[in-house]
Asks: 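Take a look at this one; I'll ask things after.
All values below were derived from every heavy atom in this structure, side-chain atoms included, with hydrogens, water molecules and symmetry-related copies excluded. Note that the structure is a prediction, hence the values are computed from the model and not measured.
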Amino acid sequence: MSEATLGILKKAILLERRGKAFYSHVAQEAKTPSLREFFEGMAQEESQHEKILSEQFQAVQTTGHFTPGKTPHPNTDIAVSRVLTPEIGIRLAAAGFEAAAISASMAMEANAIAMYRQASLDATDPNEKELYEWLSEFEKGHYETLGKMDRALTEAAWNDADFWPF
């Protein structure tokens, strides 16, 4: 494998490590137990991705090849309604930190999706391609869940401020 391949893996490991650190911090700062649990789960998933990528990095460095995937199915069915009850939505919209964290998380996930999609397109090893496609789909699930949360918070803020003209 090329140095470019190892470089992509290093970049991916760093991306997941930063995501884990960010989500862990948000979980610690979250005032709402359900939101804290949500971000703790996100941090655990990023940690799992980092572990998988690190194992692949070792395999590529040692053998020159990616190993066949041992990737669990992404949990894209995170119940936004469980995390964002109407009362929590209003508090989050007013509080700001958690809402800002959700917005920042969406940007991080969008960057991860783009990087993994491009890595998948550039991959020549079928196991490498499978890994990056899996990561892209996993991060897409995160992005979609965060998007639902962001839309709910936006609507709560607009409703709370009597923003609607009708």
Asks: Rounded to the nearest 0.5 Å, what separation is found between the CZ atom of F138 and the CD atom of Q48?
Replies: 5.5 Å
Asks: Any chance you could measure L131, atom CG, to D125, atom CG, to the nearest 0.5 Å?
Replies: 10.0 Å
Asks: Within this structure, what is the CE-NZ distance for the pair M42 and K20, rounded to the nearest 0.5 Å?
Replies: 14.5 Å
Asks: Please confirm whether the backbone N or O of A43 pairs with a side-chain atom of S47, one donor and one acceptor, at under 3.5 Å?
Replies: no
Asks: Going by the rule side-chain contact (heavy atoms from CB on, under 4.5 Å), which residues pair with S54 if we only count those two or more places apart in sequence or in a different chain?
Replies: I13, E50
Asks: Rounded to the nearest 0.5 Å, how far does CG of L135 lie from CD of E137?
Replies: 10.5 Å
Asks: Taking all heavy atoms of F38 and all of T145, pick out the closest pair and write down the distance.
Replies: CE1-CG2, 3.8 Å
Asks: What I'd like to find out is whether the side chain of E3 reaches to under 4.5 Å of the side chain of L6, using heavy atoms alone.
Replies: yes
Asks: Do the side chain of Q56 and the main chain of T67 share a donor and acceptor less than 3.5 angstrom apart?
Replies: yes
Asks: Just so I know, are the side chains of L35 and M149 near enough to count as touching, which here means a heavy-atom distance under 4.5 Å?
Replies: yes
Asks: Can we say E55 and K51 salt-bridge, meaning some charged N sits less than 4.0 Å from an Asp/Glu carboxylate O?
Replies: yes
Asks: Restricting to salt bridge (charged side-chain N to carboxylate O under 4.0 Å, His left out), what partner residues turn up for E133, sequence neighbours left out?
Replies: none
Asks: Using a 3.5 Å distance criterion without hydrogens, assess whether the side chain of S136 forms a donor-acceptor pair with backbone atoms of Y132.
Replies: no
Asks: Decide yes or no for P33 and R36: does some side-chain heavy atom of the first lie under 4.5 Å from some side-chain heavy atom of the second?
Replies: yes
Asks: Should the pair H142 and H49 be assigned to parallel (<30°), tilted (30 to 60°) or perpendicular (>60°) ring geometry?
Replies: parallel
Asks: Looking at every non-hydrogen atom in both residues, tell me the closest pair between E40 and A27 and how far apart they are.
Replies: CG-CB, 3.6 Å
Asks: Can you tell me if R117 uses its side chain to pair, donor with acceptor, with the backbone of I113 under 3.5 Å?
Replies: no
Asks: Output the distance between atom CG (D122) and atom CD (E128), rounded to the nearest 0.5 Å.
Replies: 8.5 Å
Asks: Restricting to non-hydrogen atoms, name the atom on L146 and the atom on I102 that form the minimum distance, rounded to 0.1 Å.
Replies: O-CG2, 3.7 Å
Asks: Look at atom OH of Y143 and say whether more than 12 heavy atoms of other residues, nucleotides or ligands are closer to it than 6.0 Å.
Replies: no
Asks: Would a 4.5 Å heavy-atom cut-off, applied to side chains only, mark E45 and E139 as touching?
Replies: no
Asks: When rounded to the nearest 0.5 angstrom, what is the spacing between CE in M108 and CG in L15?
Replies: 7.0 Å
Asks: Would you say S120's side chain and Y116's backbone share a donor-acceptor pair under 3.5 angstrom?
Replies: no
Asks: Following the transitive rule for hydrophobic clusters with a side-chain heavy-atom cut-off under 4.5 Å over Ile, Leu, Val, Met, Phe, Trp and Tyr, establish whether Y23 and F97 coincide in one cluster.
Replies: yes
